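No experiment lies behind these values; they were computed from the predicted model shown. Values reported hereafter were calculated over all heavy atoms of this structure, with side chains retained and with hydrogens, waters and symmetry mates removed.
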Amino acid sequence: MKNHFTLKGKPKRLAVLDYGLFEVHAGPRTIGICGFVVETDAGEVVLIDTGFPEKYAVDAAAATEEDALGNFGRVLSVTVENLPEAQLAKLDLRKTDITLMIQSHTHIDHVGDMDGFPGVPILISTDERALPRPLYWSGKQPMEWPDRDYIEVSEDRTLGPDFEVLHCPGHAPGQLAFMLRLPDTGWVLLTSDAISRASEIDEGFAGSWDVDQAIHHGARLMEMAAERKAFVIFGHSPEQWPVLKKAPEWFA
């Protein structure tokens with residue numbers, strides 16, 4: 001474990017990765033599964049989250065049964081093109097180009113290829129890393145922690161110039177969100193599942209691991225976004241996802 005990793009450069013551009021579509025039974029609502037690439041002006045490449053495990057692109061029905069995911073929802077579309085390698089290729093990047101992996105939290109739709117980047121350090125919440133295994137889904141927790149250098153976060157911290165990691169437990173014990181400033185777009189808030197969709201605020205974050213903390217941090221994030229006039233990208237917004245610019249396009 002090391003806790004002193006710092007990016008050298010400022011965020012230069014941001015890409016949204018399309019890891020597929022999922023239907024949540026509650027609602028029901030169709031949500032996109034997203035990841036992000038942040039490239040700095042020092043040539044560093046940060047990957048945030050890695051989507052569903054590859055087995056969902058091979059046989060989604062069998063994978064859903066194995067993980068007991070069917071009670072929560074169903075995969076609508078996860079193909080080979082929705083895996084990290086293919087999404088990175090849209091940006092002319094390879095797995096070996098990644099400088100740092102960040103796990104916003106360790107649910108199944110965020111950690112699928114966490115073990116697929118040998119030698120790349122992983123930034124993660126201390127509370128999540130302290131678990132015997134990643135959260136995954138339904139209490140089974142079949143994934144092992146990859147053998148990596150881990151950079152642990154237990155409070156808000158500056159990762160590098162104009163790049164902040166925000167500690168927002170609530171949805172999950174170690175939920176992280178991110179605030180970064182781009183040259184043209186300005187401030188961008190990546191809420192991840194700290195706020196999955198705008199309506200979750202009015203709904204009181206029902207179903208969160210810790211509802212009170214989720215409400216607190218949800219309000220805190222939106223206040224920060226308002227103060228900085230930030231563009232907000234929600235974690236799983238049914239309204240935002242269809243119109244959101246995705247790889248190979250960049251926010252600059």
Side-chain angles (χ1 to χ4, degrees), residues 16 19-36 48-49 51-52 67-76 102-111 123-131 134-141 153-157 164-180 187-244:
V16 179
Y19 289 147
L21 285 176
F22 188 83
E23 183 184 78
V24 180
H25 290 329
R29 60 181 182 274
T30 298
I31 62 173
I33 308 300
C34 64
F36 303 95
I48 302 175
D49 291 344
F52 273 105
D67 292 330
L69 191 59
N71 290 332
F72 180 70
R74 66 188 181 100
V75 170
L76 296 179
I102 299 177
Q103 286 298 155
S104 66
H105 62 301
T106 60
H107 281 149
I108 187 172
D109 53 328
H110 296 262
V111 297
L123 186 146
I124 193 168
S125 162
T126 299
D127 289 332
E128 302 261 327
R129 183 63 184 92
L131 298 169
L135 289 169
Y136 202 71
W137 184 253
S138 72
K140 293 186 175 182
Q141 298 183 296
V153 176
S154 57
E155 58 186 5
D156 292 358
R157 62 161 288 183
E164 299 170 20
V165 176
L166 307 172
H167 187 242
C168 301
H171 173 78
Q175 180 69 57
L176 302 178
F178 313 94
M179 181 77 83
L180 54 98
W187 286 106
V188 179
L189 172 63
L190 309 176
T191 69
S192 182
D193 287 16
I195 311 175
S196 68
R197 58 197 185 280
S199 61
E200 192 173 32
I201 298 170
D202 293 332
E203 294 165 7
F205 296 89
S208 297
W209 169 77
D210 186 314
V211 170
D212 289 342
Q213 287 202 75
I215 291 171
H216 168 74
H217 288 292
R220 182 170 76 93
L221 289 177
M222 295 311 292
E223 287 173 6
M224 291 179 66
E227 289 171 0
R228 303 187 193 189
K229 298 180 172 59
F231 171 51
V232 180
I233 299 180
F234 294 103
H236 298 291
S237 171
E239 298 79 20
Q240 186 181 49
W241 182 251
V243 298
L244 189 63

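- In this structure, F72 and W137 have tilted ring planes: the angle between them lies in the 30° to 60° band.
- Panel note: side chain Q103, backbone H110; a donor-acceptor pair is recorded below 3.5 Å.
- What you find for D193 and G235 is that their closest heavy atoms are OD1-CA, 4.1 Å.
- Between A198 and F234, the shortest heavy-atom distance links the atoms CB-CZ, 3.9 Å.
- Side-chain contact between V232 and L221 is absent, with no heavy-atom pair separated by less than 4.5 Å.
- Judged purely by atom type and a 3.5 angstrom limit, D210 uses its side chain to pair as donor or acceptor with the backbone of D212.
- One finds the CD1 atom of I108 at 9.5 Å from the NZ atom of K140 (value rounded to the nearest 0.5 Å).
- Side-chain N or O atoms of H216 include none that pairs as donor or acceptor with a backbone N or O of P169 at under 3.5 Å.
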Please step through side chain to side chain contact (heavy atoms under 4.5 Å, CB included) for the pair L189 and I195, ending with a clear verdict.
CA-CA 11 Å; L189 172 63; I195 311 175; 5.6 Å; no
Stepwise, does the side chain to side chain contact (heavy atoms under 4.5 Å, CB included) test hold for R74 with L76?
CA-CA 6 Å; R74 66 188 181 100; L76 296 179; 3.5 Å; yes
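- Between atom CD of residue Q213 and atom OG of residue S208 there is a gap of 10.0 Å, rounded to the nearest 0.5 Å.
- When all heavy atoms are compared, the tightest approach of P242 to S237 is CD-O, 4.4 Å.
- Not a single donor-acceptor pair under 3.5 Å links the side chain of S196 to the backbone N or O of H236.
- Although no hydrogens or angles enter the test, the distance criterion places no donor-acceptor pair under 3.5 Å between the side chain of S138 and the main chain of L69.
- Atoms NE2 and CH2, on H107 and W209 in that order, are 10.5 Å from each other to the nearest 0.5 Å.
- Nearest heavy atoms, D49 versus S104: OD2-OG, 2.7 Å.
- Contact between L166 and M179 at its shortest, heavy atoms only, is CD1-CB, 4.2 Å.
- Here the side chain of D156 pairs a donor or acceptor atom with the backbone of H167 at under 3.5 angstrom.
- For the pair A177 and T191, the tightest heavy-atom approach, listed with the atom from each and the gap, is CB-O, 3.7 Å.
- Interatomic distance, CD1 of I48 versus CD1 of I102, reported as 4.5 Å (0.5 Å rounding).
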Could you walk me through whether I201 and M222 pass the side chain to side chain contact (heavy atoms under 4.5 Å, CB included) check?
CA-CA 10 Å; I201 298 170; M222 295 311 292; 3.8 Å; yes
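- Contact check for E164 versus W187: side-chain heavy atoms found under the 4.5 Å cut-off.
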List the steps, then state whether side chain to side chain contact (heavy atoms under 4.5 Å, CB included) holds for Q175 with H217.
CA-CA 10 Å; Q175 180 69 57; H217 288 292; over 6 Å; no
Side-chain donor-acceptor contacts of residues 26-36 below 3.5 Å, not counting sequence neighbours, with atom names and distances?
residue	atom	partner	partner atom	Å
R29	NH1	A26	O	3.2

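- Applying the salt bridge (Lys or Arg N to Asp or Glu O under 4.0 Å) test to residues at least two apart or on different chains, the pairs with a partner in residues 196-205 are R197-E203.
- When atom types are taken as modelled, the side chain of E128 and the backbone of G174 share a donor-acceptor pair closer than 3.5 angstrom.
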